[in-house]
Every structure is written in C-alpha cells, then in structure tokens.
*Asks:* 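Quick one: the structure is below, questions incoming.
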Number of protein chains: 2
Amino acid sequence: MVTLEDVARHAGVSLATASRVLNGSARQVGAGLRAKVEQAAAELGYRTNVAAQTLARGAGNVIGLVVHDLVDPYFAAIADGAVRAAEAHGMVVMVGTTHRDPAKEIAYVSSLGAQRARAVILAGSRTDDPSAAALRAELDRYRNGGGRVAVIGQDLLGTDTVAVANRAGAAALAEALTAMGHRDFAVLAGPPGLITAVDRCEGFAGALPGPAPQIVHGPFDRDGGYAAARSIGPGVTCVFAVNDVMAVGALAAFRERGVRVPDDVSLAGFDDIATLRDLVPALTTVRLPLAELGARAVELALGDGEEPSVVHVEGEVVIRESVRAR
Amino acid sequence: MVTLEDVARHAGVSLATASRVLNGSARQVGAGLRAKVEQAAAELGYRTNVAAQTLARGAGNVIGLVVHDLVDPYFAAIADGAVRAAEAHGMVVMVGTTHRDPAKEIAYVSSLGAQRARAVILAGSRTDDPSAAALRAELDRYRNGGGRVAVIGQDLLGTDTVAVANRAGAAALAEALTAMGHRDFAVLAGPPGLITAVDRCEGFAGALPGPAPQIVHGPFDRDGGYAAARSIGPGVTCVFAVNDVMAVGALAAFRERGVRVPDDVSLAGFDDIATLRDLVPALTTVRLPLAELGARAVELALGDGEEPSVVHVEGEVVIRESVRAR
DNA sequence: GCATACTGGGAAATCGCTTTCCGGGAGGAT
DNA sequence: ATCCTCCCGGAAAGCGATTTCCCAGTATGC
C-alpha cells in the first residue's frame, strides 16, 4: 500500500506538507508544492488510510444507524434517507439491525463507540422496559467519549431527536374518519409497552367523539396485524392499525375471511410506506416523510452540537380507497 | 477515553499482557493476570479503539456492501442477510447505495479501500458499459491492498461470486408457463445492457417452443415495469417481467387500464420479494433465497481466500394466481 | 531602516494498539 | 545436577496519519 510518506518522498516534500495538501487542513500550502504533491499522489495511486486518520484525529467519518429490520419498508426508507444525507457530508453509514432485541441495540451502540463513530442514530421506537436504562447508560458513555446521538421517534432520551407527531397525526386521522361517518372503531394497537404504538393509539382514541374503540394488542409487524385483525369483535365499521405493515397484514386477514375492504369494513394505517402504492385497495394512512426522517437525523447529529435540539415532524392524513364514508 | 494503557497500569501489568487478554491473541496469559486485567477493564469501562486496532493489525472488521437502492425489497433482503451473517462473524457492515450510478459504485469501492474494509460485496447487476473497466481497475487496486471482493449476480469479475442461475430459472419458468398452455408472450426485459436482465430474457425466450416473444425494454424498477406494460402489443396471453418490482409496476398498469390479471392476461416476475405476499393477485415468480445470497456472499468473502470460488444458486418456479392456464 | 507580524515549510511528538523479540523461571529428560 | 525446552511477562518498535512547534523568509507599519 502506498503511504503518505511515499507520496511525500516522491514529491520531495515533508510529510507535513503532503498531509496538508491531501487531507485538508487549516494551513495553506504554496501552489507549486501543492501541485507536486497532488501529482505524486495521483501517480502512486495514494489512498488515505482512514484508520490512521481516525486515530490521529480522534474522530472518524462513520455514522452508525441502528434499525430494527432492514426488510421493513419503514426502516428501509429511513436508512435510504440517512445514507444519502451522510454521503452529502462525506460520511459513511454503518447499519446494524436489532430484530427488536434491546440487547443487540446496546451491543451496536457499544460497537459503534469502539469504532469512534461520529454519531449514532437510533431509529425504531423504544419500549419502556428495564433495558432502557442500560441503553441510556451505554449512550451516555458513548457521548462522554465525544460521540453524538440522534433518535428518530420520541423525545425521551435527552438527545437530539427527530420527533414524530404521532398523537397529533393519529388524532387528525380519527377526526377525518369520524367526519366520514364512522363511529365504531377498532385499533390494532401493537405491543402495550411500545411508545410509538401507545402514542398513536391514545392520540387516536382521544380524538374520537363516540364510544371508546376496541383495542387489540399484538406485535408491531405484518403478522402482528394479521393476527390482531382476526380477533376483532363485531360491530366495527373502521379499523386503525398503528402502522402500515400491520394494516397490510390486517388486509390479508380480511381478504382471507371474505371481509371486503372498504365495503364491509374500512381500514387505515400510519406511515405511508412505499409499498402501499401497489396495494388493492389503496390504503388510507398518515403520511410521514420517511427518508427525510433519516436525513434530518443525520443533519442533527452532525450539527454544531449545542444543546440537544428537537426537530418536529408532522404527519399528513391521506385518504384512499380503503376507507369509505358511511 | 480510557485506553489500554490505563487498564494495564490499573491492573499492574504491561501493555502487552493487557492487549493479549482483552483483544484476543495466539499467546496465553496466566489465569491470575488475566483476571486482574479483566477486572481492571470492567472497572474502568474500557472500550477498544477499533481505529487503532485496525491500524496496528492492518485489517479492520468492516464489510462493505454496495447496493443500488435500499428501498428496493430485493436489495433490502440481501442487505439483511449480509448484516446477519457479518454479525455472526463479529464483523460490521457499511452500506453504500449507488442509485444505479456506476461512478458512485466506484467511489464506494474506493472509500471502502480507504477504510481498509475486510471485504466488499457488490450486489446489483452490472451493465456491460465502459465504466465496467474503471470499476474493475478500482477493484484490482482494492484487492492488491489485501481486500476481498465478492459479487452477487454474474460471474464476470473474476472474483468470488454468488452466481444466480438466471437463465435456467427463466427457462424453467418459460416451460412451466408453456405447459399451462401459453404460447404468446411478452417480456418486460429491462435495460438492454444489464446482464441480469439480458440473461433472464434470453433464458426465457430460448426455452419457448412457440413464436418469439414480444420484447419491451425499459428501466429495471417498478416504474419501468409500469411504463413497459403500457406498450405491450395485442395478442399476448402471458407477460414475463424480468424482476418482481417491474411485475408489480406492470400489474398497476394493467389494473389502471382495466386489463384483468389473470383473466385477460397472465403475469409472472422473478426474485420472489417479500412484498409479493400481499399483492392481489398473488404473483407467479421464480423464487430466489435473497437473504441467503447476502449471507453466502459474506461467507465467501470471509473464506480462506484461495482461488476465487463461485457458489451457484438456483431459482425455484412458484406458480401463483397471477397465471391462469389456457 | 528596523521591529513586528505573517506566511508557508519541516522535524518530531503523538494517537492507541499489536507483535516481535528478549529473558527468566519452571519442568522434563539425561 | 545440568541442559533444553516451554511458557509466559514485558520492553519497544512499528502501523500511517495529524498537528504542534520551531524557523526562515517576506511583507507591513512607522
């Protein structure tokens, strides 16, 4: 491998000068030497050793992104946004997938700390269980080492946050559905302890003028929606799944049982994942700018680093065929 | 940050011993000292500085994965498999997305080289255009620096490869469709220069006993399928899209124009992406073990490194509702 | 014309870890 | 008891950059 020293020798300058030319520095270098160094680097095919650079500088160019599941379109979209934004800043993204295991989330933060990652971004909502304390401890340690942390979702870790208006979005959806004549709702509410799920569920229920909705708990994924939909009691005219992948599962369950959407029951989700586009019927949902969430988190984490700041993002109700007025 | 030296001092041993205990080494360390070091590390909250380790060892624990688009379920599934496999080997994955720009692909390989990444995995098929030479040059340079390269798709870069039997899979599909009574086909063939697309198209066409299929070229993504489907001529009873996302687009186009699938025309894709599961009608396709592709590529790239080896993966025809016998 | 910046170049000290090499002590064979 | 191995601990030389000083040369202010 060609090292900086090789380049310097080849160009007939000192190591310091070569470094200043090739890897950016506050100091200026004269045009003549600068050209010589650049040419030498090109001829030799020099490539910076990022590990050495990271060691010397004390900070790397890696941004860590921790998601639950890359196959879930929700996280895929966020990751996409994050990768693009990182790229624009000359950073590169390392992804970890936890598959909803809090221990793995902690392990990833720890590993990213070891990498001296510039920032870590946590996507995917937290539960309120005891492992949260351990995660917080790990994050604190990471930050004490000079790292930055940004969270996508709820503002509860005391860090930079891209906060999603889950309650408001769900409430707006509830109002829209009510305005279309629905009164008897079921909510596929996800896991009882998952903050995002709880917020959406409560936001929705709180905005309902009529009777309290039927609440069905279950996993936060497609199969969770599928299972939950099968245990909805009678008399419901409209079902709200707290995220789109659950709604997709619910739709499959309805289809299998011969329940027609929207003729027999209306259905709405939350997130507006890309794959909804080709679903029949098209799914009513609350649109979130997913790629933007990822990108904003990156910007935040790369920001100047004063007080932890919170960016608020709102959802927009999108009514599609899966809901019919009563 | 607490360094290894801090730990060594705290434990009253030398740097070398601490290193051997904490970061794995061929050499043994006596039980007494080992315990002291471990305790000191725990008390101080020591965390290895990976950058320093990489520098000293000359090889890091990063695997680079370059895909076209994380939002495409095909790549998401591959990435998921790769991340899991990497994790099992104590490695971590850095993803880059090219959005089908060959220049970006090269840039990522270069950047991964600078990271001293242990291996880079290229997913997403290549074109046969001139930039291929530049990519090859960059890959060679990377390998000369001691890196490993694995490619998912076609065996044409002279590296470790997870080769997909595109021709055979498409041929098997053609036979299955023919056996169901179809004779008049259209192929949504993707871009003319894209190897994967060409292989699937030719494999399909070559296995057809009847007249040559109608070939419609277009982009390799959902919208490409949508557009291509709209320009299919009359008389066709069955359409083969060279990948699933294109088939999904085609389905949307048909639906909009009132063409019923499978009543008016049958439709098949290739890949068996996860999102097909909730499509109506369920899509006939050739199943590829996508996550496994990613995982196998990682194994290959981490293998002992003799001759470049090629793993062959076959597709399996899966007939679903979107195809009807004639 | 002289003191005072200011500019750009280079020598050398880090950064935190791995690993080679050296050496002392324990154990086995003769 | 002597000699040879092993075995394991430590000192120190890198790994490839960045950055702080130090310095000479030139520009600036009066």
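Hydrogens, waters and symmetry mates play no part in the numbers below; they use all other heavy atoms, side chains included. Nothing here was measured: the structure is a model prediction, and the numbers come from that model. Quick note on labels: first sequence line is chain A, next is B, and so on, each numbered from 1.
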*Asks:* Could you state the atom-to-atom distance from CZ of B:Arg116 to P of D:dG16 in whole Å?
*Replies:*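 Those two atoms, CZ and P, are 8 Å apart.
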*Asks:* Would B:His89 and B:Glu299 satisfy side-chain hydrogen bond (donor to acceptor under 3.5 Å, both in side chains), going step by step from the backbone distance to the final call?
*Replies:* CA-CA 9 Å; B:His89 287 272; B:Glu299 309 291 351; 2.9 Å; yes
*Asks:* In whole angstrom, what separates A:Arg9's CZ from C:dG9's P?
*Replies:* 20 Å
*Asks:* Please report the distance, rounded to the nearest Å, between CD in B:Gln115 and P in D:dC15.
*Replies:*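 Answer to the nearest Å: 21 Å.
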*Asks:* For C:dG10, does either OP1 or OP2 sit under 4.0 Å from a side-chain N or O belonging to A:Ser14?
*Replies:*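 Yes, within the criterion.
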*Asks:* Could you tell me whether B:Val13 contacts a base, only the sugar-phosphate backbone, or nothing, with contacts defined as non-hydrogen atoms closer than 4.0 Å?
*Replies:* sugar-phosphate
*Asks:* Find the distance A:Lys36:NZ to C:dG9:C1' and express it as a whole number of Å.
*Replies:* 12 Å
*Asks:* Checking the side chain of A:Tyr46 only, and the main-chain atoms of A:Asp6 only, is there a donor and an acceptor separated by less than 3.5 Å?
*Replies:* no
*Asks:* Mind checking B:Gly30 for me? I need base, sugar-phosphate or nothing, with any heavy atom below 4.0 Å counting as a touch.
*Replies:* sugar-phosphate
*Asks:* Check step by step if salt bridge (charged side-chain N to carboxylate O under 4.0 Å, His left out) holds for A:Arg84 and A:Glu87.
*Replies:* CA-CA 5 Å; A:Arg84 287 185 199 239; A:Glu87 202 171 301; over 6 Å; no
*Asks:* Looking for any heavy atom pair under 4.0 Å, which part of the strands does A:Thr17 touch: base, sugar-phosphate only, or nothing?
*Replies:*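 Sugar-phosphate, no base atom in range.
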*Asks:* Calculate the interatomic distance between A:Leu22 atom CG and D:dA17 atom C1'; express it in whole Å.
*Replies:*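 Computing the A:Leu22:CG to D:dA17:C1' distance gives 11 Å.
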*Asks:* Under 4.0 angstrom, heavy atoms only, what part of the nucleic acid is B:Ser25 near: base, sugar-phosphate, or nothing?
*Replies:*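 Contact class for B:Ser25: none.
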*Asks:* Could you please name the option among C:dG8, D:dG14, D:dG16 that lies closest to any side-chain atom of B:Ala56?
*Replies:*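 Out of C:dG8, D:dG14, D:dG16, the nucleotide with an atom closest to B:Ala56's side chain is D:dG14.
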*Asks:* Would you mind reading off the distance between A:Leu55 atom CG and D:dC15 atom C1', rounded to a whole angstrom?
*Replies:* 9 Å
*Asks:* Separation of A:Leu33 atom CG from C:dT7 atom P, in whole Å?
*Replies:* 17 Å
*Asks:* Does a nitrogen or oxygen in the side chain of A:Asn23 sit under 4.0 Å from OP1 or OP2 of D:dT18?
*Replies:*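 For D:dT18, OP1/OP2 do have a side-chain N/O of A:Asn23 under 4.0 Å.
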*Asks:* Look at A:Ser19 and D:dT18 and indicate whether a side-chain polar atom (N or O) is within less than 4.0 Å of OP1 or OP2.
*Replies:*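 Yes, A:Ser19 has a side-chain N/O under 4.0 Å of OP1/OP2 on D:dT18.
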*Asks:* Nearest heavy-atom pair of B:Ala119 and B:Ala301: which atoms, and what distance?
*Replies:* CB-CB, 3.6 Å
*Asks:* Starting the side chain at C-beta, find the nucleotide from C:dC17, D:dC21, D:dC15 nearest to B:Asn49.
*Replies:*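 Among the listed nucleotides, the one closest to the side chain of B:Asn49 is C:dC17.
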*Asks:* Hey, which of these two, A:Arg20 or A:Glu5, hits DNA chain D nearer its 5' end, going by closest nucleotide?
*Replies:*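 Of the two residues, A:Glu5 wins.
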*Asks:* Roughly, in whole Å, what's the span from CD in B:Gln28 to P in D:dC6?
*Replies:* 16 Å
*Asks:* OP1 or OP2 of D:dC8 sitting under 4.0 Å from any side-chain N/O of B:Arg27?
*Replies:*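 The answer is no; no side-chain N or O of B:Arg27 sits under 4.0 Å from OP1 or OP2.
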*Asks:* Would you kindly compare A:Leu15 and A:Ala31 by the position of their nearest DNA chain C nucleotide and give the one closer to the 5′ end?
*Replies:*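 Closer to the 5' end of DNA chain C: A:Ala31.
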*Asks:* Determine, step by step, whether A:Asp140 and A:Arg136 satisfy the salt bridge (charged side-chain N to carboxylate O under 4.0 Å, His left out) criterion, reporting the C-alpha distance in whole Å, the side-chain angles of both residues, the deciding distance to 0.1 Å, and the verdict.
*Replies:* CA-CA 6 Å; A:Asp140 283 344; A:Arg136 197 175 308 229; over 6 Å; no
*Asks:* Taking only N and O in the side chain of B:Gln53, is any of them less than 4.0 Å away from OP1 or OP2 of C:dT18?
*Replies:* yes
*Asks:* Please identify which of these residues, A:Ile273, A:Ile78, A:Leu290, meets the side-chain contact (heavy atoms from CB on, under 4.5 Å) condition with A:Pro73.
*Replies:*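 Passing option: A:Ile273.
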*Asks:* Which nucleotide in the set D:dA11, D:dA17, C:dG10 lies at the smallest distance from any side-chain heavy atom of B:Ala16?
*Replies:*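 Closest of the options to the side chain of B:Ala16: D:dA11.
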